[in-house]
Amino acid sequence: MSAVRVRFAPSPTGYLHVGGARTALFNWLYARKVGGVFVLRIEDTDAERSSTEMVDGILDSLQWLGLNWDEGPFFQSQRKDLYLTAARKLQEKGFAYRCYCHPSELNELRLQAEKSGKPWKYDGRCTALSPQDHQRLDAEGRTFAVRFRVPQEGAVKFQDIVFGDVEFSHDQIEDFVLIRSDGLPTFHLSVVVDDIDMHISHVIRGADHLSNTPKHILLFQALDAPMPAFAHVPLILGPDRSRLSKRHGATAAGAYREMGILAEAMRNFLSLLGWSPGDNRELMRTPELIEAYSLEGISRSSAVFDLQKLEWFNSQYMQLLTAEELEPLAKEKFIQQGCWNPDWEGESRQWFLKTLELIKPRMRSLNDLTGASRAFFADDFPLDMAAKEKFWKDERLSELLSQLAGEIDGIDAFDATTAEQALRTFADKSGVKAGLLINAARVALTGQAVAPSLFAVMETLGKAKTVRRLQAAAQILTAPAS
RNA sequence: GGCGCUAUCGUCUAGGGGUUAGGACGUGAGAUUCUCAAUCUCAAAACCCGGGUUCGAUUCCCGGUAGCGCUACCA
């Protein structure tokens, strides 16, 4: 049995951020690589800012990304007793003490210190309070927080799997709060208690927690628990190298789903943000990613989120997936856009799959289905102005397209081959280049300048639609410019 | 301010005491012709600065600078 147990522990104070998604992915990849267990834990100890809607959103995004968890989700809000018990134990053993200072007065002190440029740290003024003092203050109705007693001398040293040897002097760490005066545990206590309780072997989390790690280590020691290994993952930045935020664009993992990004492309792209297999491989499908994954390959410097590269990965995956693999994703997208036709999974399924196959090479995202490729699935498709400008310039086109429609209509065994024959023969007869007709017809049939081979388009659309759209285009061209 | 971490093409990165410093995205040019946002080819593009160590640093050490993180009774 493998002893590796990792966890992803988001706090439901917002949607799943791409940084969080990447952290979840790294945990998941590692668990899958070594046959470990991936635990999901919701850190909702901040009751004020947490909500069940956010929990649902996070779970949904995780599921979309395919990052299935083996245990959980566990909710810290339901495990309060565990933390309280630990805090009591810590106090009994002298590792923690009651602090009756009021947050606002402490805040005042801190502000003052900041103003005078002095470093601020809680001075441990309540350390020396006796049980008698406690009784007296309790009688006065004062509330207290529980603080951890950080040793005066020495330092915390640990070895981070990605950052190597790290050392923090004790005097840099203040006596941090374990239990707030409202009786609720803080993040520091609950993470450590849970990581112990859930037998977490590797803590893989964002590098923003590197500076918190010494506090956690102190707690592990005080609680007499085995120490997990730590691997801190560098942060993801926006294009201006500041922490990725809304002003850089979409930060919610779910937003990429909306954009038509495939989950597997997202996984591949995210995996390479702060990790490398050590060779030149980049395009790696998920099984290969798992196979190649290692904590040692994580880099130490933060990475800029590059949307263009994500889009490139996505276009690659669009090609990699078969029409059958695409089918359910396409259905979801069509339904979402309100233009799903149930026939496509019934009598027209073969046509649907074939058409998917046809348009796939030019698709960069699932959204192209209802965007650039809309004309394949609906009759109300927009006419791209640039396409019109480019290929509908020739004055003869109105007449030519109308005649071409007639030629096409006259074909008995209509398919790509016979359509091509008809068009080329007609071009010769009319003394125009086939390209002129082909390009103009493409715009007529799809509304786009870019589309698959015209004759394949004709075949997929069928004779009737082809003729109808050719005639409609001729009409538009005849009508005075509007 | 204090503490910590980081620093290779615009971006993601490989590499490492002696290399033409490799790959990918993006960019530019060409090929292809039935369009290209497909495909192929080619090109431009990087070791933050200053000291040391060394025969030799981009690589090791120190300092600087910059960026980021932490510095809460947020997580």
Side-chain angles (χ1 to χ4, degrees), chain A residues 9-13 43-46 48-50 76 99 101-104 106-107 110 113-114 116-122 143-147 160 163-164 166-169 171-174 176-182 184-188 190-191 206-215 232 234-235 237 239-243 269 272-283 299-313 315 319 360-364 368 372 387 390-391 420 423 433-439 441-443 446 448-455:
Chain A
S11 74
T13 54
E43 310 221 320
D44 54 354
T45 50
D46 185 347
E48 294 285 304
R49 301 195 303 147
S50 300
Q76 290 192 326
C99 168
C101 297
H102 195 86
S104 65
L106 252 25
N107 208 32
R110 176 169 38 242
E114 251 167 48
S116 58
K118 295 219 172 64
W120 161 259
K121 199 179 81 169
Y122 174 70
T143 56
F144 62 87
V146 176
R147 284 181 185 272
D160 189 272
F163 286 97
V166 189
E167 181 175 343
F168 287 85
S169 170
D171 59 34
Q172 282 304 316
I173 310 167
E174 72 171 3
F176 54 98
V177 171
L178 262 20
I179 304 287
R180 302 184 182 98
S181 43
D182 62 4
L184 291 172
T186 61
F187 159 74
H188 299 301
S190 53
V191 220
D208 47 344
H209 286 301
L210 191 62
S211 309
N212 287 324
T213 306
K215 293 176 189 163
H232 286 92
L235 265 27
L237 310 178
D240 63 354
R241 305 208 72 88
S242 67
R243 197 176 188 161
F269 169 72
L272 260 16
L273 236 41
W275 173 80
S276 158
D279 50 36
N280 280 337
R281 284 180 296 168
E282 294 215 335
L283 192 70
S299 56
R300 284 164 296 279
S301 49
S302 33
V304 172
F305 187 90
D306 182 2
L307 180 61
Q308 285 188 310
K309 192 152 186 178
L310 203 211
E311 288 172 337
W312 176 80
F313 270 110
S315 65
Q319 312 320 313
K360 225 177 62 173
R362 260 152 283 255
M363 284 178 65
R364 291 182 63 82
D368 289 339
K390 191 171 176 188
F391 294 122
E420 176 159 14
L423 184 141
K433 293 211 313 201
L436 176 73
L437 296 178
I438 289 170
N439 290 327
R442 174 179 292 107
V443 178
T446 66
Q448 299 289 317
V450 175
S453 163
L454 178 70
F455 307 106

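Note that the structure is a prediction, hence the values are computed from the model and not measured. In what follows, chains are A, B, ... by sequence order, proteins preceding strands, each numbered from 1.
Across all strands shown, B:A14 remains unpaired; no Watson-Crick or G-U wobble contact has both distances below 3.5 Å. In this structure B:U35 sits in no base pair that meets the Watson-Crick or G-U test at under 3.5 Å. Base pairing annotation: B:A66 forms a Watson-Crick or G-U wobble pair with B:U6, both donor-acceptor distances under 3.5 Å. Of all nucleotides present, none satisfies the Watson-Crick or G-U wobble test against B:A46 with each distance under 3.5 Å. Across all strands shown, the partner of B:G1 is B:U71, judged by Watson-Crick or G-U wobble contacts whose two distances both fall under 3.5 Å. Across all strands shown, nothing is found opposite B:A21 as a Watson-Crick or G-U wobble partner with both distances under 3.5 Å. Nucleotide B:G26: unpaired (no Watson-Crick or G-U wobble partner with both distances less than 3.5 Å).
Closest to the side chain of A:Ser211, out of B:G4, B:G26, B:G69, is B:G69. Considering only the side chain of A:Val166, B:G4 comes nearest among B:G4, B:U13, B:G26. Looking at the side chain of A:Trp312, the nearest of the listed nucleotides B:C3, B:A24, B:G4 is B:A24. Of all nucleotides listed (B:C73, B:G2, B:A75), B:G2 comes nearest to the side chain of A:Gln172. Nearest nucleotide to the side chain of A:Val177, out of B:C12, B:C73, B:A75: B:C73. The side chain of A:Phe168 lies closest to B:C3 when the candidates are B:A7, B:C3, B:U35.
Across all strands, A:His232 comes closer than 4.0 Å to no nucleic acid atom at all (heavy-atom distances). At a threshold of 4.0 angstrom between heavy atoms, the contacts of A:Lys121 with the nucleic acid are absent. Among the protein residues, A:Leu454 comes within range of the nucleic acid bases, having at least one heavy atom under 4.0 Å from a base atom. Residue contacts shown for A:Ser301 are limited to sugar-phosphate atoms, with no base heavy atom under 4.0 Å away. Within 4.0 Å (heavy atoms only), A:Val450 reaches at least one base atom of the nucleic acid. Nucleic acid contact class of A:Phe455 (heavy atoms, under 4.0 Å, all strands): base. Heavy atoms of A:Ser169 sit nowhere under 4.0 angstrom from any nucleic acid atom. When heavy atoms are screened at a 4.0 angstrom cut-off, A:Ser299 is found touching the sugar-phosphate backbone but no base atom. Counting any heavy atom pair closer than 4.0 Å across all strands shown, A:Asp208 reaches sugar-phosphate atoms only and no base atom. Within 4.0 Å (heavy atoms only), A:Gln308 reaches sugar-phosphate atoms of the nucleic acid but no base atom. Residue A:Gly274 is in sugar-phosphate contact alone, with no base atom involved, counting any heavy-atom pair closer than 4.0 Å across all strands shown. Nucleic acid contact for A:Ala449: base, since at least one base atom lies under 4.0 Å from a heavy atom of the residue. Heavy atoms of A:Arg243 sit under 4.0 angstrom from primed sugar atoms or phosphate atoms, though from no base atom. At a threshold of 4.0 angstrom between heavy atoms, the contacts of A:Glu311 with the nucleic acid are absent.
A distance of about 35 Å separates the P atoms of B:G30 and B:C49, rounded to the whole Å. Separation of the C1' atoms belonging to B:A46 and B:C9 is 4 Å when rounded to the nearest angstrom. Taking the C1' atoms as reference points, B:A45 lies 11 Å from B:G26, given to the whole Å. If you take atom C1' in B:A29 and the same atom in B:U13, they sit 26 Å apart, rounded to whole Å. Atom P of B:G22 sits at a distance of 40 Å from the matching atom of B:C3, rounded to the whole Å. As rounded to the nearest Å, B:A72 and B:C47 have P atoms that lie 40 Å from one another. A distance of about 15 Å separates the P atoms of B:C40 and B:G23, rounded to the whole Å. When the C1' atom is compared between B:G63 and B:G56, the two are found 23 Å apart, to the nearest whole Å.
A donor-acceptor pair under 3.5 Å links the side-chain atoms of A:Asp368 to the main chain of A:Arg364, judged by distance alone.
A donor-acceptor contact under 3.5 angstrom links the side-chain atoms of A:Arg362 to the base of B:C36. Between the base of B:G23 and the side chain of A:Glu282 there is a donor-acceptor pair shorter than 3.5 Å. In terms of polar N and O atoms assigned as donor or acceptor, the side chain of A:Thr186 never comes within less than 3.5 Å of the base of B:C73 in a complementary pairing.
Between the CG atom of A:Asp306 and the C1' atom of B:A24 there is a distance of 10 Å, given to the nearest Å. As a whole-Å value, the separation of A:Leu272 CG from B:G23 P is 16 Å. At whole-Å resolution of the value, CD1 in A:Ile173 and P in B:C70 are 16 Å apart. Whole-Å rounding puts the A:Glu174 CD to B:C3 P distance at 16 Å. In this entry the distance linking CZ of A:Arg241 with P of B:A66 reads 16 Å, nearest Å. Rounding to whole angstrom units, CZ of residue A:Arg300 and P of B:C12 are separated by 15 Å. Taking atom CG on A:Asn212 and atom P on B:C70, their separation rounds to 8 Å, with Å as the unit. Distance CG (A:Leu273) to C1' (B:U6): 16 Å, rounded to an integer number of Å.
Residue order along RNA chain B, read from the 5' end via each residue's closest nucleotide, puts A:Trp275 first among A:Ser453 and A:Trp275. In terms of position on RNA chain B, the residue among A:Ser11 and A:Pro361 whose nearest nucleotide sits closer to the 5' end is A:Pro361.
Contact of the A:Pro277 side chain with the A:Leu272 side chain is registered, since non-hydrogen atoms from C-beta on lie closer than 4.5 Å. The shortest distance between side-chain heavy atoms of A:Phe305 and A:Leu310 falls below 4.5 Å. A:Leu423 is listed as a side-chain neighbour of A:Leu454, based on a closest heavy-atom distance under 4.5 Å. Taking the side chain as every heavy atom from C-beta outward, A:Phe144 and A:Ile179 never approach each other to under 4.5 Å. Considering only heavy atoms from C-beta on, A:His232 stays 4.5 Å or farther from A:Val166 through its side chain.
Here A:Lys309 pairs with A:Glu282 in a salt bridge; the nearest charged N to carboxylate O distance falls below 4.0 Å.
Annotation for A:Met363 and A:Gln319: closest pair O-NE2, 3.4 Å, computed over non-hydrogen atoms.
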